[in-house]
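Structure first, commentary second.
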Protein chains: 2
Amino acid sequence: MANLVIDSREIPQYSVESVLDAVIWGDALEVLPKLPDEMADMVFIDPPYFLQLPQKRLLRWKVKTIVEGVDEDWDKFESFESYDQFIITILKEVKRIMKARATIWCIGTYHNIHRIGKLMQDLGFWILNDVIWVKTNAMPNWLNVRFTNATETLIWAVKDKSVKGYTFNAEIARRFSKGKLAINVWELPICIGEERLKDGQGKKLHPTQKPKALLERVILISTKEGDIVFDPLAGTGTTGVVAKCLNRHFVMIEKRQEYVEACLKRLSQEITQPALWRSDEK
Amino acid sequence: MANLVIDSREIPQYSVESVLDAVIWGDALEVLPKLPDEMADMVFIDPPYFLQLPQKRLLRWKVKTIVEGVDEDWDKFESFESYDQFIITILKEVKRIMKARATIWCIGTYHNIHRIGKLMQDLGFWILNDVIWVKTNAMPNWLNVRFTNATETLIWAVKDKSVKGYTFNAEIARRFSKGKLAINVWELPICIGEERLKDGQGKKLHPTQKPKALLERVILISTKEGDIVFDPLAGTGTTGVVAKCLNRHFVMIEKRQEYVEACLKRLSQEITQPALWRSDEK
DNA sequence: CAAAGTCCTGAATCATATG
DNA sequence: ACATATGATTCAGGACTTT
């Protein structure tokens, strides 16, 4: 079902055909330059959030269990500058890979989304909206020293100010927000339960797996059937899975072996009708 | 009732006493360096958003009226770079003027808030939260080419990562969001009706007047009675008016004469109990 | 006077066709 | 490249007018 492309130094350049509906196993920084110009109709990027969590573990008060935060190598950067460099490098390549009327979505929290937004503007991207994902089941802030952060922000943009005629399916967008208008606020639970992938030990496989219902909204609103959706930092591949469920093509890049394996497994098992996980009922 | 301080070149330095509960009529860039270190317990900044609206007017099709967008000199900048310089200059001075455990709020939309957030991080500010203001009566996007932008974002931060013991009144914060937790999402209407200031011709005096209910939330949650709230870009003075209503002190700077006059008038007329405009009922 | 209907407008980076 | 004309007509809330 799913195509696997193992990146290597011998490969100088990819054709669209060779990566269509494929997971490319490799480092995005190395793979991106090999992808063709104007390949993608839409790009979804879920970059590391650079959370800068303290080393000491957070203990739940009552049950005395440790909160499993994000403690992956891929979320560690030496400084804001090195984080910015990572983002800039990817965004520049992505811009080249976007079709003229393609749009791009970047998701993040207050830790990183503002950096990304400013860097996008500096690179010439023209922001169309930010969309607020209100998580209906966010983890409370027990210490009461700040608000419970229940939101993530998606920035939606085109390549530059002059772009017209990008895809925006307004009728569909109206379904996903409260009220009659297509408002830039979405209420959705975070990914838990059966949808959440586990490793051999029953631990969550990926710390920030995005819900399929979120990608459904992104893809339905900003692409047409047959379009190519590109995700250069695929993780466990929610983008590609949802794209296929909705009759779109995907191209994904992922570096970590266990995530690539998860992508392939999901692509062979989860290509179903969206009915089970969609959430567009008002 | 309200103190007016007219800034001039002869004034080299202000004492706290000389500006307490005063509107300083002058250019923030000139006044800020004259204000004392560690004066403020909390800072609220509502900077120009740099909207970059097109020159052509937007016409309502049926009623043939023009949408009165923001077309003020103070929202015009030559480039992102010059906008950034304006923000950086103000933020640096503000940081000096903040007490060690003070907090700062900056409000904006996707046009500018990401720039501000990144610049704040680069200046060492440590973001505690972003708070999403969901506007219940935002203007629709009736051409259906993007989402109706119904939100503004408030970034809430301390001077640096090490700051502890800042004021966060969690009990009050819980009242302002849905559910039992103090969530970072506030639903509030934009400022219209009787609260909205008009000029002699019945036109809105300020294009972006903030509702008192918004400032009430900010001030109640992040200050104590008797604290000094500082607003270097005061506009029509909502910050000071609400501060006085809630038994806090204020210091405000405003450049434009008609806004200063509005501040003084409001400070002499609107210092009432908050009951009339507050909106903390669940 | 109350109720119902009309009109106006809000931090907006809102489109397309023709000349 | 500009300027100008035309058009597919959304929602909430307050002010005002009519019934």
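Each chain gets a letter, A, B and so on, in the order the sequences are listed, and its residues count up from 1.
Rounded to whole angstrom, the span from the NZ atom of A:Lys180 across to the C1' atom of D:dA12 amounts to 10 Å. Separating the CH2 atom of A:Trp126 from the P atom of C:dA12 is a distance of 15 Å, rounded to the nearest angstrom. C:dA15 atom C1' lies 15 Å from atom NZ of A:Lys161, rounded to whole Å. For the pair B:Leu143 CG and C:dT13 P, the interatomic distance rounds to 11 Å; values are reported in whole Å. Between the CG atom of A:Asn129 and the C1' atom of C:dA11 there is a distance of 14 Å, rounded to whole Å. The distance from atom CG of B:Leu58 to atom P of D:dA8 is 16 Å, rounded to the nearest whole Å. Remark: P of D:dG13 and CD of B:Glu187 are 10 Å apart, rounded to the nearest angstrom. When the P atom of C:dC14 is taken as reference, atom CD of B:Gln55 falls 12 Å away, rounded to whole Å.
B:Thr136 comes within 4.0 angstrom of the backbone, heavy atoms only, and of no base. B:Pro47 comes within 4.0 angstrom of a base, heavy atoms only. The residue B:Leu59 sits close to a base: some heavy atom pair falls under 4.0 Å. Here B:Asp75 lies in heavy-atom contact (under 4.0 Å) with a base.
Among the nucleotides D:dG13, C:dA11, C:dC14, the one closest to any side-chain atom of B:Leu51 is C:dA11.
Taking the six-membered ring wherever Trp is involved, the centroid distance between the rings of A:Tyr166 and A:Trp156 falls below 6.0 Å.
From B:Ile219, atom CD1 reaches atom CH2 of B:Trp105 across 10.5 Å, with rounding to the nearest 0.5 Å. Considering CG of A:Asn184 and CG of B:Asn149, their distance stands at 5.0 Å, rounded to 0.5 Å.
Between the C1' atoms of D:dA15 and C:dA11, the separation comes to 23 Å (whole Å). Distance noted for atom P between C:dC7 and D:dT10: 16 Å (whole Å). Taking atom P in both C:dC14 and C:dT18, the straight-line distance is 22 Å, to the nearest Å. Of the C1' atoms belonging to C:dC1 and D:dT17, the separation is 15 Å, rounded to the nearest Å.
Residue B:Asn141 is the one, among B:Glu194 and B:Asn141, whose nearest nucleotide of DNA chain D lies closer to the 5' end (criterion: closest heavy atom).
In textbook terms, a nucleotide whose glycosidic angle is within 90° of 0 is syn, while C:dT6, being further out, is anti.
Checked options B:Ile45, B:Leu29, B:Leu91; the residue passing with B:Pro232 is B:Ile45 (criterion: side chain to side chain contact (heavy atoms under 4.5 Å, CB included)).
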| task | Map every base of DNA chain D to its dot-bracket character, where paired means a Watson-Crick or G-U wobble contact with both distances under 3.5 Å and | marks a partner outside the strand. | result | .|||||....|||||||||

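Using a 4.0 Å cut-off between charged side-chain N and carboxylate O, B:Asp84 and A:Lys118 make a salt bridge. Using a cutoff of 4.0 Å between basic side-chain nitrogens and carboxylate oxygens, A:Lys224 and A:Asp41 are not scored as salt-bridged.
Counting only distance, with no hydrogens or angles, the side chain of B:Lys159 and the backbone of B:Met98 share a donor-acceptor pair below 3.5 Å. In this structure a side-chain-to-backbone donor-acceptor pair under 3.5 Å is missing from A:Asn129 to A:Val131.
Counting distance only, with no hydrogens placed and no angle test, the side-chain atoms of B:Asp46 and the base atoms of C:dA11 include a donor-acceptor pair under 3.5 Å. For C:dA11, its base sits under 3.5 Å from the side chain of B:Lys210 at one donor and acceptor pair at least.
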Can you check nucleotides 6-10 of chain C for protein contacts, nitrogen or oxygen pairs under 3.5 Å, and list what you find?
residue: C:dG10; atom: OP2; partner: B:Lys204; partner atom: NZ; Å: 2.9
residue: C:dG10; atom: O5'; partner: B:Lys204; partner atom: NZ; Å: 2.9
residue: C:dG10; atom: N7; partner: B:Arg60; partner atom: NH2; Å: 2.7
residue: C:dG10; atom: N2; partner: B:Asn137; partner atom: O; Å: 3.2
residue: C:dG10; atom: N2; partner: B:Ala138; partner atom: O; Å: 3.4

